[in-house]
Amino acid sequence: MKLKICHLYPDVLNLYGDGGNIRCLTQRLRWRGIDSEVVKMPIGSGESLVDCDLVFIGGGQDFEQQVLLDDLHRGRDRELRAAVEDGMTVLAICGGYQMLGNYYETHDGQRCDFIGALDLYTVGAKKRMIGNYLFRCDESLGGMTVVGFENHSGKTRLGSGVAPLGTVIRGFGNNGEDGTEGARYKNVFGCYCHGPMLPKNPAFADLLLSTALARRYGAAELAPLDDALERMAHDQMVKRLGGDV
Ligand code: GLN
């Protein structure tokens, strides 16, 4: 078994160690004897996503999101929409999450038209939403808690076609107002969780891996790993943020 993982726009969307998510995914596969191949697709890469199993997109400032627009609208947008509809597993963080939506309007009124793979939009607020945060995933995903760090100006609102990834326990999440965090549509998982997200949320990392393996190989049971250290890091942050472990 082998998974092909794409790191999309690593040159511009990669904040707060987001790239560590890829290292976490490949290591968790290696520990289970499963191969992986990581393909970086920066701006200008002509490489196709079509045979990838999992796409990771990190976060970036408003400036970087504007820098990638030309490349995005030279075909990457259509390709991403098709991949999403085809059930490809995608993890998108913050600026990358916003990019999968319809548009982002910065707090000073500059509009980035994005790709509309997810029915959501984002509007920047003057006051940034910053800090360590905690949310609980929807019961359909096992109700696991996720810890991380958020730093965004954008307030994201979900349309009727997508479900929130979870509910905020501490912090801001999508917009600091409606208590939702992130979005889930088919096998796409978007959220504001920097950190990087996956090393201290190993159950979420395995959710992505099993989703991608199931699409490629049919039902995929992941062998359990010794996650004692990872779980300790996770639980410590849950406690610091006032949640229950
Ligand atoms: N530019 C976006 C915002 O501030 C995304 C920031 C990020 O990716 N951390 O809302």
Side-chain angles (χ1 to χ4, degrees), residues 6-22 24 40-43 55-73 76-77 80 90-135 146-159 162 164-166 168 170-184 188-201 204 237:
C6 165
H7 190 174
L8 186 62
Y9 295 139
D11 46 344
V12 279
L13 297 182
N14 193 3
L15 282 178
Y16 304 116
D18 284 338
N21 290 315
I22 304 246
C24 176
K40 292 189 177 188
M41 299 191 195
I43 288 177
V55 177
F56 172 69
I57 318 170
Q61 307 295 332
D62 297 1
F63 174 74
E64 280 89 17
Q65 289 175 295
Q66 287 161 3
V67 164
L68 62 79
L69 279 177
D70 281 351
D71 189 83
L72 188 64
H73 292 303
R76 204 50 106 186
D77 47 358
L80 272 169
V90 180
L91 174 64
I93 307 292
C94 201
Y97 165 44
Q98 296 171 353
M99 191 193 87
L100 295 180
N102 294 314
Y103 66 87
Y104 172 46
E105 192 175 304
T106 64
H107 74 91
D108 55 359
Q110 295 181 57
R111 187 176 158 117
C112 299
D113 281 319
F114 283 143
I115 70 167
L118 301 184
D119 182 15
L120 56 87
Y121 67 93
T122 305
V123 177
K126 258 211 169 109
K127 196 165 179 295
R128 299 190 69 80
M129 289 159 273
I130 307 176
N132 291 317
Y133 81 133
L134 167 66
F135 66 97
V146 173
V147 294
F149 172 75
E150 61 181 330
N151 182 357
H152 52 111
S153 139
K155 293 189 173 204
T156 297
R157 313 274 172 191
L158 306 184
V162 293
L165 186 57
V168 176
R170 174 64 69 90
F172 298 95
N174 277 331
N175 48 57
E177 290 164 22
D178 65 12
T180 66
E181 163 57 348
R184 163 96 196 275
V188 181
F189 304 84
C191 60
Y192 278 104
C193 197
H194 291 293
M197 176 186 189
L198 298 179
K200 53 188 182 285
N201 296 291
F204 200 91
M237 279 311 295

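Please read all numbers here as calculations on a predicted model, not as lab measurements. We use all heavy atoms of the structure for the numbers below, so side chains are in, but hydrogens, waters and symmetry mates are not. One-based numbering, in listed order, for ligands and for the atoms of each.
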Distance from [X] atom [atom1] to [Y] atom [atom2], nearest 0.5 Å?
{"X": "K155", "Y": "N174", "atom1": "NZ", "atom2": "CG", "value": "11.5 Å"}
{"X": "L13", "Y": "D18", "atom1": "CG", "atom2": "CG", "value": "8.5 Å"}
{"X": "M99", "Y": "I93", "atom1": "CE", "atom2": "CD1", "value": "12.5 Å"}

Could you tell me whether [X] approaches ligand 1 through its side chain, its backbone, both or neither, with non-hydrogen atoms closer than 4.0 Å?
{"X": "Y104", "result": "side chain"}
{"X": "Q61", "result": "backbone"}
{"X": "N151", "result": "backbone"}
{"X": "L15", "result": "side chain"}

To the nearest 0.1 Å, how far is [atom] from its closest protein heavy atom, and which atom is that?
{"atom": "atom 7 (C) of ligand 1", "result": "C94 SG, 2.7 Å"}
{"atom": "atom 3 (C) of ligand 1", "result": "S153 N, 3.4 Å"}
{"atom": "atom 5 (C) of ligand 1", "result": "G60 O, 3.2 Å"}
{"atom": "atom 1 (N) of ligand 1", "result": "D62 OD1, 2.5 Å"}
{"atom": "atom 10 (O) of ligand 1", "result": "G154 N, 2.8 Å"}

May I ask you to list the atoms of ligand 1 that are less than 4.0 angstrom from any heavy atom of [X]?
{"X": "G59", "value": "8 (O)"}
{"X": "H152", "value": "3 (C), 4 (O), 10 (O)"}
{"X": "Q65", "value": "1 (N), 2 (C)"}

Would you say [X] contacts ligand 1, with heavy atoms under 4.0 Å as the rule?
{"X": "Y97", "answer": "no"}
{"X": "H194", "answer": "yes"}
{"X": "E64", "answer": "no"}

#### Entry: Shortest reach to atom 2 (C) of ligand 1 by a heavy atom, considering only H107, Q98, M129, Q66
Q98
### Task
Walk me through it: do V162 and V188 pass the test side-chain contact (heavy atoms from CB on, under 4.5 Å)?
CA-CA 10 Å; V162 293; V188 181; over 6 Å; no
### Task
Can you label the angle between the H7 ring and the F56 ring as parallel, tilted or perpendicular, going by 30° and 60°?
tilted
### Query
How are the rings of Y16 and F149 set relative to one another: parallel (under 30°), tilted (30 to 60°) or perpendicular (over 60°)?
perpendicular
Does any part of the side chain of [Y], heavy atoms only, come nearer than 4.5 Å to the side chain of [X], both counted from C-beta?
{"X": "M237", "Y": "N132", "answer": "yes"}
{"X": "D70", "Y": "I43", "answer": "no"}
{"X": "L15", "Y": "Q61", "answer": "yes"}

### Any N or O of R128 closer than 3.5 Å to N or O of ligand 1
yes
### Query
Within the structure, does G95 bring an N/O atom to less than 3.5 angstrom of an N/O atom in ligand 1?
yes
### Query
Side chains of Y133 and E181: do they bring a donor and an acceptor to under 3.5 Å?
yes
### Query
Hey, is the main chain of D119 close enough, under 3.5 Å, to the side chain of N102 for a donor-acceptor pair?
no
